[in-house]
Protein chains: 2
Amino acid sequence: MSAPEVPARRQTRQRTAVLALLDELDGFRTAQELHALLRERGDAVGLATVYRALQALVDDGLVDVLRSEVGEAAYRRCSPVHHHHLVCRSCGRTVEVADPPVERWAARVAAEHGFADVQHQLEVFGTCRPCAAAQREDRLSGRGR
Amino acid sequence: MSAPEVPARRQTRQRTAVLALLDELDGFRTAQELHALLRERGDAVGLATVYRALQALVDDGLVDVLRSEVGEAAYRRCSPVHHHHLVCRSCGRTVEVADPPVERWAARVAAEHGFADVQHQLEVFGTCRPCAAAQREDRLSGRGR
DNA sequence: CGGACGTGTGAGAATGGTTCTCATGACCAC
DNA sequence: GTGGTCATGAGAACCATTCTCACACGTCCG
């Protein structure tokens, strides 16, 4: 009933590092990958802290989270407006794509069935041109099987 | 380049039981839930077997799989034609909904960005009428906070 | 500036869903 | 029936994620 209660998020080296790293990457990365990258560049951060930082960023709407097919969570720095993703299933490169008419469609279909408070989740997966080319080569050379 | 190689899937009591159970349920259920249900009704099936049966069914296109927000896999008996789901986030009741124009939109957007071999994944979540009503009551009675 | 308070951190343990292992059992063709 | 193969099941292994708890650090107040 009172203030919205954002509990004074502290500015620490670790959280800054996680956000900065996400800023310079352009695809979805798992928490484990981000942790490894930070380690490599000498920025010692605990794995638990990476998870905590990512959760905080998701709560603040600065980062989008996606579940891979094997159930891992992948994170990406995103614009705060509603959008969807076109993701390369091979290299992870991601393009944000604008709101299709699906928005309206989803709302209408949900209403027809008596569903309220509707959200939707739409991701498009494909193989980007460079990866498709690489795979074609692989098939031709190495392994006939 | 030879036979499609469906390696002679065997018909066993356990696989039949899993499929029969899915047939009579109408929402997405996790493997653990299905396993527990089978146990309850005296149909002793190992957990690993439930997972294997579900994977086989998914491979055969008889069952759809969805990842919950916490990363668990949930399964549901589905029609073999391409479709999407409208899922109640409270009780899990699911409605299959027909192909929206998204199909075309996804293909076009992907092509514009040079992505090939496109798939998409669209789910709509909401609260079905009975659940919405129940929640409204909860809020009024119990907890003013 | 300095110290107190409370939050953030990190190593490792705990958790929990899913997969693997391997000895045993069931299915199917002959 | 008999044999070969695939399926089963209990438990271990696996692995991403979360929890625990002692300690460090940011923030606030004097």
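Because only heavy atoms are used, hydrogens play no part in the values below, and waters and symmetry mates are left out as well, while side chains stay in. A note on names: the letters A, B, ... follow the listed sequences, proteins ahead of strands, and every chain is numbered from 1. Please read these numbers as outputs of a predicted model, since none were measured by experiment.
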Rounded to whole Å, how long is the line connecting atom [atom1] of [X] with atom [atom2] of [N]?
X: B/E69; N: C/dG16; atom1: CD; atom2: C1'; value: 18 Å
X: B/F28; N: C/dG17; atom1: CZ; atom2: P; value: 19 Å
X: A/R67; N: C/dT18; atom1: CZ; atom2: C1'; value: 14 Å
X: A/E72; N: C/dT18; atom1: CD; atom2: P; value: 14 Å
X: A/L38; N: C/dT9; atom1: CG; atom2: C1'; value: 14 Å
X: B/R15; N: D/dA7; atom1: CZ; atom2: C1'; value: 6 Å
X: B/H35; N: C/dG17; atom1: NE2; atom2: P; value: 13 Å
X: B/E33; N: C/dG16; atom1: CD; atom2: C1'; value: 15 Å

Query raised in the report: Contact class for A/R52 (heavy atom, under 4.0 Å): base, sugar-phosphate, or nothing?
Result: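 The residue A/R52 makes base contact.
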Report task. Would you mind classifying the nucleic acid contact of A/Q55 as base, sugar-phosphate or nothing, using non-hydrogen atoms under 4.0 angstrom? Result ->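 Sugar-phosphate only.
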Requested in this report: Please find out if less than 6.0 Å separates the ring center of B/H85 from that of A/H120.
Outcome: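 B/H85 vs A/H120: aromatic centres not under 6.0 Å.
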Query raised in the report: Are B/E96 and B/S79 close enough that a side-chain donor and a side-chain acceptor fall under 3.5 Å?
Result: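 A pair is found: one side chain offers a donor N or O, the other an acceptor, under 3.5 Å apart.
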Query raised in the report: Reading nucleotides 22-28 of chain D from the 5' end, what letters show protein touch, with B for base, S for backbone sugar-phosphate only, - for no heavy atom under 4.0 Å?
Result: ----BS-
Table please: side-chain donor-acceptor pairs of residues 18-27 of chain A below 3.5 Å, with sequence neighbours left out.
from: A/D23; atom 1: OD1; to: A/R77; atom 2: NE; distance (Å): 2.7
from: A/E24; atom 1: OE2; to: A/R41; atom 2: NH2; distance (Å): 3.2

Report task. For DNA chain C, determine which residues of residues 41-49 of chain B have any heavy atom closer than 4.0 angstrom to one of its atoms, and list them numerically. Result ->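 Close to the strand are B/L47, B/A48.
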Requested in this report: Could you tell me whether the phosphate oxygens of D/dT17, OP1 or OP2, come under 4.0 Å of any side-chain nitrogen or oxygen in A/Y51?
Outcome: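 True: A/Y51 side-chain N/O within range (under 4.0 Å) of D/dT17 OP1/OP2.
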Query raised in the report: Does atom CZ of A/R39 have more than 12 heavy-atom neighbours, drawn from other residues, nucleotides or ligands, at distances under 6.0 Å?
Result: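 Counting other residues, nucleotides and ligands, CZ of A/R39 exceeds 12 neighbours.
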Report task. Tell me, with the steps shown, if B/Y75 and B/E33 meet side chain to side chain donor-acceptor pair (under 3.5 Å). Result -> CA-CA 10 Å; B/Y75 302 85; B/E33 282 175 331; over 6 Å; no
